[in-house]
Amino acid sequence: MKLATWNVNSLKVRLPQVLDWLAANPVEVLCLQETKQQDADFPQADLLAAGYQSVFSGQKTYNGVAILSRGPLDEVQFGIPGFDDEQKRVIAATINGVRVVCVYVPNGQSVDSDKYQYKLKWLEALRAWLAGELAKYPKLALLGDYNIAPEDSDVYDPKAWEGNVLVSEPERQQFRSLLQLGLRDSFRLFEQAEKSYSWWDYRMMAFRRNRGLRIDHILISEALAAKCRGCIIDRTPRKLERPSDHTPVVAEL
DNA sequence: ATGGCTGCCGAGGGCAGA
């Protein structure tokens with residue numbers, strides 16, 4: 001069973017690329033972030049025609065998450081329970097006995113901004129909710145755009161980024177606290193090439209120069225990690241015309 | 001060097017992303 005995550009930076013623009021990618025990579029589950037579409041505009045029929053059911057939670061202009069699945073999506077949850085949030089950043093569903101949680105973690109903008117405080121509070125609420133989810137669902141996968149590069153090895157120029165949003169110590173501490181719930185970073189369960197990233201700035205030919213960050217992750221519970229067979233970052237969509245700035249991450253369970 | 005692209009909304013540039 002393959003599970004994937006992809007921040008598409010507008011599903012309206014990227015739908016053809018998503019459909020092409022699914023045709024070439026017929027994963028069981030694909031989590032999307034930054035769909036930037038209201039639910040009324042979500043391309044449910046196009047995805048169904050491609051063999052994928054979907055659940056989604058979107059809004060105009062910003063944010064928006066979705067889970068696409070070949071099999072039925074049960075026990076659908078929108079948002080973090082008890083955490084009041086206008087922003088559509090979380091959707092979860094149970095698929096084939098696996099609790100799939102799709103997240104678009106706030107960016108934080110800069111460490112001295114209100115958005116950074118919101119990011120840290122949001123991550124704390126996520127952690128608290130997931131502690132209960134893990135007790136309920138031993139087979140759990142947390143996929144998405146975390147907007148955190150957990151280690152310096154996930155950053156093309158750690159010195160330049162030191163203390164910055166996406167790499168700051170409080171954010172990394174929040175990432176580690178997710179691991180402490182009993183989750184594993186599936187990418188790091190396997191030998192990987194150095195300088196493996198999932199996002200590259202659109203500017204300054206960052207992709208061509210591989211000036212990127214690894215901020216899209218698939219964390220999996222111990223029960224899933226025990227039989228996880230691989231995790232890869234698929235850079236090919238980043239090479240297309242008009243790409244998303246993020247590229248898919250795929251775990252094979 | 002704080003920009004550099006891209007998408008959004010909506011009709012021109014400003015905001016946000018990371």
Side-chain angles (χ1 to χ4, degrees), chain A residues 5-18 21 31-43 56-66 85-90 102-123 126 143-175 187 195-217 233 235 237-249:
Chain A
T5 180
W6 191 5
N7 178 326
V8 290
N9 186 19
S10 167
L11 185 55
K12 184 182 171 186
V13 172
R14 233 66 69 188
L15 180 61
Q17 292 185 18
V18 170
W21 190 83
C31 294
L32 301 178
Q33 302 86 37
E34 283 207 86
T35 55
K36 300 186 178 180
Q37 268 182 327
Q38 297 177 102
D39 291 347
D41 300 324
F42 192 85
F56 40 88
S57 176
Q59 65 188 92
K60 216 185 210 182
T61 313
Y62 304 114
N63 312 311
V65 284
D85 194 359
E86 299 286 297
Q87 305 185 24
K88 307 298 190 190
R89 296 182 173 278
V90 175
C102 170
V103 294
Y104 175 45
V105 177
N107 170 282
Q109 199 164 56
S110 68
V111 293
D112 55 4
S113 73
D114 292 345
K115 290 175 180 174
Y116 181 76
Q117 294 307 318
Y118 163 67
K119 180 179 193 174
L120 294 180
K121 274 191 211 140
W122 192 98
L123 284 162
L126 177 71
L143 306 90
D145 175 359
Y146 287 60
N147 273 317
I148 301 169
E151 306 284 344
D152 279 354
S153 54
D154 301 311
V155 181
Y156 70 91
D157 186 346
K159 275 227 171 97
W161 278 83
E162 194 176 357
N164 217 312
V165 70
L166 311 189
V167 308
S168 74
E169 194 48 37
E171 294 166 76
R172 286 180 164 175
Q173 182 51 49
Q174 290 286 354
F175 186 88
F187 191 75
K195 305 184 195 312
S196 291
Y197 309 125
S198 67
W199 169 87
W200 301 261
D201 199 300
Y202 283 122
R203 298 168 291 191
M204 295 293 285
M205 297 181 289
F207 180 64
R208 239 174 60 185
R209 300 158 72 190
N210 197 29
R211 295 167 67 91
L213 305 175
R214 192 177 70 93
I215 55 176
D216 301 270
H217 309 293
I233 296 172
R235 296 159 56 104
R238 192 62 176 78
K239 300 171 186 169
L240 298 169
E241 289 292 320
R242 232 184 152 186
S244 169
D245 42 359
H246 297 251
T247 203
V249 182

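This structure is a prediction, so every number in the text was calculated from the model and none was measured. So that the names make sense, note that chain A is the first sequence line, chain B the second, and so on, each numbered from 1.
Taking atom CZ of residue A:R238 and atom P of nucleotide B:dA18, one finds them 12 Å apart after rounding to whole Å. Across the protein-nucleic acid pair, A:N107 atom CG and B:dC15 atom C1' stand 13 Å apart, rounded to whole Å. Counting to the nearest Å, the C1' atom of B:dG17 and the NE2 atom of A:H246 are 8 Å from each other. Separating the CG atom of A:D114 from the P atom of B:dA16 is a distance of 12 Å, rounded to the nearest angstrom. Atom CG of A:D145 and atom C1' of B:dG17 are 10 Å apart (whole Å). Distance CD1 (A:I215) to C1' (B:dG17): 10 Å, rounded to an integer number of Å. Here B:dA18 presents its C1' atom at 10 Å from CD of A:Q109, a figure rounded to the nearest Å.
Remark: A:W200 CH2 to A:H246 NE2 distance equals 10.0 Å, nearest 0.5 Å. Separation of atoms OG (A:S198) and CZ (A:F187) is listed at 8.5 Å; rounding is to 0.5 Å. Separation of atoms CG (A:L32) and CH2 (A:W6) is listed at 8.5 Å; rounding is to 0.5 Å.
Residues meeting the side-chain contact (heavy atoms from CB on, under 4.5 Å) test with A:R211, sequence neighbours left out: A:Y156, A:A206, A:R209.
Between the P atoms of B:dG13 and B:dA1, the separation comes to 30 Å (whole Å). The same atom, P, is picked in B:dG12 and in B:dT2; the two are 30 Å apart, to the nearest Å. For B:dG10 and B:dT6, the P atoms lie 23 Å apart once the distance is rounded to whole Å. Between the C1' atoms of B:dC5 and B:dA18, the separation comes to 12 Å (whole Å).
In this structure, the side chains of A:R14 and A:N9 come closer than 4.5 Å at one or more pairs of heavy atoms. Looking only at side-chain heavy atoms (C-beta outward), A:L240 and A:Q17 come within less than 4.5 Å of each other.
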Seminar exercise, completed: Going 5' to 3' through nucleotides 1-12 of chain B and flagging B where a protein heavy-atom sits under 4.0 Å of the base, S where only the sugar-phosphate is that close, and - otherwise, we get ---BBSSSS---
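At the heavy-atom level, A:D216 lies nowhere under 4.0 Å from the strands shown. Residue A:Y104 is classed as a sugar-phosphate contact, given heavy-atom separations below 4.0 Å to backbone atoms only. Nucleic acid contact for A:K115: sugar-phosphate only, since backbone atoms but no base atoms lie under 4.0 Å from a heavy atom of the residue. Contact annotation for A:N7: backbone-only contact, meaning every heavy-atom pair under 4.0 Å involves sugar-phosphate atoms and none involves a base.
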Side-chain polar contacts of residues 58-66 of chain A - donor-acceptor pairs under 3.5 angstrom, sequence neighbours left out - could you list them?
from  : atom 1 : to    : atom 2 : distance (Å)
A:Q59 : OE1    : A:N63 : ND2    : 3.3
A:Q59 : OE1    : A:K88 : N      : 2.7
A:N63 : OD1    : A:R89 : NH2    : 3.2

